[in-house]
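Remarks on the structure that follows.
Ligands are counted one by one from 1 in listed order, and the atoms in each one are counted from 1 as well.
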Amino acid sequence: MIKDTRRFEPFSENPISLIDDEGKWTGKFDLQLDDAALRDFYRSLIAARQLDERLILLQRSGKTSFAMQAAGHEGIQVAIAKAVKPGFDWLFPYYRDHGLALALGVPAVDIFAENLATRADPAKGRQMPNHPGSKPLNVFTVASPIAAHIPPATGAAISAKVQNTGQVVVASFGDGATSEGDWHAGVNFASAQGAPIVFVVENNRYAISVDLVNQTGSENMAIKAKAYGMPGYYVDGMDVLASYHVMLEAIEHARSGAGPVLVEATVYRYGPHSSADDDSIYRPKEEVEAWKRRDPILRLQKFLKNRGVWDEDWEEEVRQSVTDELAQALAAAEAAGPVPEVWMFGDVYEKQLWPQAEQQKYLEQELGL
Ligand SMILES: Cc1ncc(C[n+]2csc(CCOP(=O)(O)OP(=O)(O)O)c2C)c(N)n1
């Protein structure tokens, strides 16, 4: 018999929230995070936001080809990172999750190097920008085809179950991903197999220009869990403390052997879908402004202020130290220099076959190497 330690009701009518707009605690239990932990959450939110801004600047200054903005998503992303066991559990993130990667502990230099395709990139320059991953931290490298990472995430969770490792998998994705066949196949199979996995929808209400009404006939995303036979939590993804506690509960459920969970986190992306999109064509400015007033950083800041653990000097100190850290990481990533073209012929097969060897030779001749 599995002990029921739930704090939250699955399938709630409204998103679960623990901090109201005034920064007041509304939870029905006492917060068990001390001031240092709360400040750490706040710093992670700031770091995620600044990283996002940096990546956009890199694209705007022509140093990278592409950027996917994540401002507005930080609440749920930081919550996921703080709720898992880093380096033990597995993460299957998507392209907007660089804030999650950073909060988990993926070094900023790795993230910048991946975006810039420099020699410091653990992926050796073979990924698109905004596709982080980490071998030491069990972060599956981001897959560009929407929802393509869901079946492998389920596979990893089934493997953890079969081998009885105690690991949990967390797979995150956007609302658009829930319309994909891969998503259904992965979620369905996870439930049928009782796999220890938490599926997290970062529901920002748009899949590029397709809005939620045109995405699904469902009342919300969390309710889809009912048909798959798993709990579905509906949480305010811009409330980092609510997101964190819901993630803790979902992960505990999965780790206890009770099977998968679906979490829908309501968020909003403040910017366009990507650096190749103009969002003013499909959504009103007022809508963007209204969501910005629910900003996860602002919400936690008000909460910290109410608890007396925030002041302007500390804010400035945190922002400056994050800025310095990111600047140093970016400088190190750039200093590594660009990935040599011939690296593309490596790692194709265990031992290089003659076609690759020949092509590499031609390229080297062409480049005068
Ligand atoms: C299988 C597939 N179809 C289409 C695309 C093009 N595409 C890239 S991002 C995207 C929108 C996905 O939206 P959503 O899952 O809601 O995530 P969001 O970008 O809103 O965070 C689309 C359609 C793709 N990458 N893969």
Side-chain angles (χ1 to χ4, degrees), residues 15 48-49 51-52 55-56 59 64-81 91-102 115 126-133 140-154 170-187 198-218 220-224 234-238 243 262-283 287-288 291-292 294 296:
R49 179 67 54 86
L51 172 66
D52 194 53
L55 292 176
I56 291 158
Q59 193 277 335
T64 62
S65 54
F66 192 64
M68 317 278 297
Q69 206 166 326
H73 282 238
E74 298 92 342
I76 182 66
Q77 292 183 1
V78 166
I80 294 172
L91 278 299
F92 282 66
Y94 85 122
Y95 49 74
R96 227 175 277 287
D97 279 329
H98 38 276
L100 194 174
L102 187 69
N115 278 272
R126 291 165 185 171
Q127 270 283 28
M128 272 180 77
N130 278 108
H131 284 51
F140 190 76
T141 184
V142 169
S144 299
I146 302 300
H149 62 311
I150 304 302
T154 292
V170 177
S172 45
F173 43 86
D175 38 293
T178 65
S179 301
E180 287 286 350
D182 271 355
W183 190 82
H184 165 73
V187 175
V198 180
F199 299 102
V200 184
V201 196
E202 294 182 30
N203 180 4
N204 64 20
R205 318 182 74 80
Y206 290 91
I208 313 184
S209 55
V210 177
D211 64 16
L212 210 51
V213 177
N214 289 297
Q215 189 64 250
T216 181
S218 274
N220 58 41
M221 297 292 175
I223 204 167
K224 293 186 183 214
Y234 187 31
V235 65
D236 182 343
M238 295 168 93
S243 300
L262 175 65
V263 174
E264 172 183 3
T266 56
V267 295
Y268 198 78
R269 67 165 153 78
Y270 298 163
H273 168 75
S274 72
S275 48
D277 174 45
D278 176 4
D279 62 310
S280 68
I281 293 168
Y282 57 82
R283 60 181 193 179
E287 182 183 296
V288 182
W291 278 90
K292 278 185 176 174
R294 323 199 59 228

> Can any side-chain N or O of N203 pair as donor or acceptor with the backbone N or O of E264 at less than 3.5 Å?
Replying inline: no
>> Distance under 4.0 Å to a non-hydrogen atom of N204: what atoms of ligand 1 satisfy this?
In response: 18 (P), 20 (O), 21 (O)
>> Looking at ligand 1, is there an atom of it that comes within less than 4.0 Å of some heavy atom belonging to E180?
In response: yes
> Which is closest to atom 12 (C) of ligand 1 in terms of heavy atoms, Y95, Y206, F173, Y268?
Replying inline: Y95
>> So if I count the atoms of ligand 1 from 1 in the order they appear, which ones are less than 4.0 Å from some heavy atom of G174?
In response: 14 (P), 15 (O), 16 (O), 17 (O)
> Does atom CZ of R283 have more than 12 heavy-atom neighbours, drawn from other residues, nucleotides or ligands, at distances under 6.0 Å?
Replying inline: yes
>> So, using side-chain contact (heavy atoms from CB on, under 4.5 Å) as the criterion, who are the partners of A48 when residues are at least two apart?
In response: E74
> Does any non-hydrogen side-chain atom of P296 lie less than 4.5 Å from one of R49?
Replying inline: yes
> Can you find a protein heavy atom closer to atom 6 (C) of ligand 1 than 4.0 Å?
Replying inline: no
> What protein heavy atom is closest to atom 22 (C) of ligand 1, reported as residue, atom name and distance in Å?
Replying inline: I208 CD1, 3.7 Å
>> Heavy atoms only, cut-off 4.0 Å: how does A147 contact ligand 1, side chain, backbone, both, or neither?
In response: neither
> With atoms numbered from 1 as shown, which atoms in ligand 1 lie under 4.0 angstrom from a non-hydrogen atom of H273?
Replying inline: 9 (S), 10 (C), 11 (C), 19 (O)
